[in-house]
Amino acid sequence: MFWADKIADEVERRYKDRIDAGEPIIVRDEKTASGKVHVGSLRSAALHAIVADILNDRGIAVKFLFEINDFDPMDGIPGYLDEATYAPYMGHPLFKVPSPEEGYENFAELYGQEYVEVVNTIGFGAEVYRASELYRSGAMNAAIRAVLDKKEIVHKIYKEVSGSERKADWYPLNVICEKCGNLSATRITGWDGEMVDYECSSDTIEWAEGCGHTGRISPFDGNASLPWKPEWAAKFMANNVHFEGGGKDHYTKGGSRQVAEAISREVLEHEPPYGVFNEFFLVGGKKMSSSKGNAATAKDMTELLPPHILRLLLLKTPINRQIDFDPEGDAVPVLFDTYDRLAEKTWSGVEDDDSQVFKFSHVPEKRAEIQQRFLPRFSQIAFLVQMPHMDLYEEVTGMKGAELTDADKEEIDLRATYAKKWLAEYADEKFIFALQESLPEAANNLSSEQKQAVALFAQKLEAIDMKDGQAIHELTHEIKEESGLSPKEFFTAIYLLFLGKESGPKVGWFLSTLDDSFVQQRLKLEG
Ligand SMILES: [Zn+2]
């Protein structure tokens with residue numbers, strides 16, 4: 001079964017009464033807008049979006065919420081920003097930090113909106129709200145009151161679940177200092193049921209500077225925010241969430257999920273939502289960290305792959321298994337091949353996990369209009385776009401063996417566009433080809449056996465239809481047999497003569513795309 005269907009089944013089982021009553025299932029995801037969003041976040045986006053999508057597809061009412069967390073403090077400065085400019089804001093809530101670019105209200109808006117655009121592009125969009133709005137609306141007040149009143153239970157949970165000791169006078173809440181605006185540098189010293197006393201000091205936390213102010217303020221309506229674990233529990237309750245997962249790192253034994261669930265039950269007396277963890281998304285074997293500005297961002301990924309192919313990448317692997325995607329290697333062509341395989345299977349009438357993945361790989365609004373069309377291999381398109389003398393439509397007509405439809409042409413254009421981007425920005429040298437206009441110097445290095453085989457090949461090709469790639473392919477086998485060369489020795493000779501490098505696309509197909517007399521001339525080493 002498609003992994004997301006299993007999760008949706010479990011959501012249906014747990015919330016049957018609610019679903020029967022026609023009340024919506026609330027799915028929630030969030031992202032702290034602390035910088036450019038890395039590709040790894042797309043896994044969390046995929047998990048929540050696909051569960052909401054499937055429930056919706058089953059006719060169940062769903063409300064999918066996405067929070068731009070703009071109330072977290074700035075706790076690190078991304079490498080692409082000026083350290084000196086942002087150092088004074090360490091510990092300040094992100095919605096109070098100025099935007100690095102003009103046109104955005106604050107720091108969190110710039111990065112939050114960039115990410116929302118990304119998820120909208122790939123059809124993972126949700127109803128967006130901001131943490132600052134949630135706090136200011138008063139929706140977090142009940143949870144804030146509960147953790148202040150029952151701070152001893154919070155301490156007990158921290159100790160029993162995660163093994164961390166908190167001082168008896170620690171209140172799980174941070175006030176925004178009225179004087180300097182710092183959130184992380186403040187410490188609450190008293191709570192009388194209406195107001196909190198606090199002090200703002202550089203001793204509170206190592207990386208944030210306090211101003212020495214002491215004050216007394218209401219902790220409600222956006223004046224203060226909860227630390228991450230109690231906050232997660234509070235958001236479960238404030239939004240009445242039914243499905244929310246999280247990254248694998250939060251799901252360890254004694255980790256933030258277990259702490260949040262215990263606080264939800266024991267302090268807030270609220271049953272936490274159902275959730276599962278999502279595994280990491282590695283790019284070329286590296287785990288991407290949002291604190292370093294040197295990795296593939298979620299936005300980069302939407303530029304490298306069209307929406308349905310990126311969705312396929314995110315949906316084809318079970319959510320609890322790692323994705324390792326190396327855009328420099330053959331991962332992009334292989335991903336397109338996977339799409340083609342699922343498409344052929346689905347179009348032949350098979351209904352199984354693959355056809356389900358295929359269906360949900362398309363953004364919801366486009367699903368109804370998916371047309372059966374000819375799918376030229378991405379690797380071949382990537383080769384053809386590098387051969388300026390070739391007409392793409394003509395070559396693909398040859399592959400298809402029939403006239404192209406409008407849908408075919410659209411597909412060719414799409415693949416050509418993305419192939420060019422891939423070649424220009426990511427693809428390893430081995431995928432880059434240039435047809436050698438004159439005989440490459442490397443031809444001099446061919447062995448006499450190679451030269452003989454090439455001459456024999458040229459001679460026998462004269463009797464073959466040069467548009468027939470399969471016939472040329474079969475002839476290469478015959479030549480290898482007769483010459484006694486290994487496949488590598490023979491093919492290397494051909495690639496060197498035409499491309500000036502030792503590897504290339506399938507020889508039969510490749511030669512069939514070239515002009516007959518040019519092929520003859522080159523195989524006879526005549527320039
Ligand atoms: Zn202060």
Considering only NZ, NE, NH1 and NH2 on the basic side and carboxylate oxygens on the acidic side, decide whether [X] and [Y] come within less than 4.0 Å.
X      : Y      : result
Glu425 : Lys421 : no
Glu269 : Lys150 : yes
Lys235 : Glu67  : yes
Glu12  : Arg58  : yes
Glu266 : Lys156 : yes
Lys359 : Asp53  : no

request  = Return the orientation label for the Tyr86 and Phe107 ring planes: parallel under 30°, perpendicular over 60°, tilted otherwise.
outcome  =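 The rings of Tyr86 and Phe107 stand perpendicular, inter-plane angle above 60°.
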inquiry  = Ring-plane angle category for Tyr339 and Phe358, please: parallel below 30°, perpendicular beyond 60°, tilted otherwise.
reply    =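 Tilted.
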ask   = So is Lys151 actually on top of Tyr171's ring, under 6.0 Å and inside 45° of the axis?
value =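 Yes, Lys151 lies over the aromatic ring of Tyr171.
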key: Step-by-step salt bridge (charged side-chain N to carboxylate O under 4.0 Å, His left out) determination, Lys6 to Glu10   = CA-CA 6 Å; Lys6 263 190 228 168; Glu10 183 60 22; over 6 Å; no
request  = Output the distance between atom OG1 (Thr417) and atom CD1 (Ile381), rounded to the nearest 0.5 Å.
outcome  =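 CD1 of Ile381 is found 10.5 Å from OG1 of Thr417.
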key: CD1 on Ile319 to CG on Leu47, rounded to 0.5 Å   =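 Answer rounded to 0.5 Å: 4.5 Å.
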Is a side-chain donor-acceptor pair under 3.5 Å present for [Y] with [X]?
X      : Y      : value
Glu261 : Trp232 : no
Tyr251 : Arg257 : yes
Arg13  : Tyr274 : no
Asn182 : Glu209 : no
His250 : Ser256 : yes
Tyr418 : Glu303 : no

request  = Show your working on side chain to side chain donor-acceptor pair (under 3.5 Å) between Asp72 and Thr32 and close with a plain yes or no.
outcome  = CA-CA 7 Å; Asp72 267 5; Thr32 297; 3.0 Å; yes
key: Qualifying residue for side chain to side chain contact (heavy atoms under 4.5 Å, CB included) with Phe243, from Ile26, Val51, Asp29, Leu55   =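 Testing Phe243 for a side chain to side chain contact (heavy atoms under 4.5 Å, CB included) against Ile26, Val51, Asp29, Leu55 leaves exactly one candidate, Val51.
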key: Among Asn320, Ile50, Asp353, side chain to side chain contact (heavy atoms under 4.5 Å, CB included) partner for Trp3   =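 Of the listed options, the one satisfying the test is Ile50.
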Qualifying side-chain hydrogen bond (donor to acceptor under 3.5 Å, both in side chains) pairs, either residue in residues 132-145, two or more places apart =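 Counting only pairs at least two positions apart or across chains, the side-chain hydrogen bond (donor to acceptor under 3.5 Å, both in side chains) contacts touching residues 132-145 are Asp70-Ser132, Tyr135-Glu231, Asn141-Asp221.
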inquiry  = List the residues meeting salt bridge (charged side-chain N to carboxylate O under 4.0 Å, His left out) with Glu83, not counting sequence neighbours, and say none if there are none.
reply    =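 Salt bridge (charged side-chain N to carboxylate O under 4.0 Å, His left out) list for Glu83, sorted by chain: empty.
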message = Once salt bridge (Lys or Arg N to Asp or Glu O under 4.0 Å) is applied, what residue pairs with a partner in residues 98-125 remain, sequence neighbours excluded?
response =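 Checked against salt bridge (Lys or Arg N to Asp or Glu O under 4.0 Å) - neighbours excluded - the pairs reaching residues 98-125 are Glu109-Arg130.
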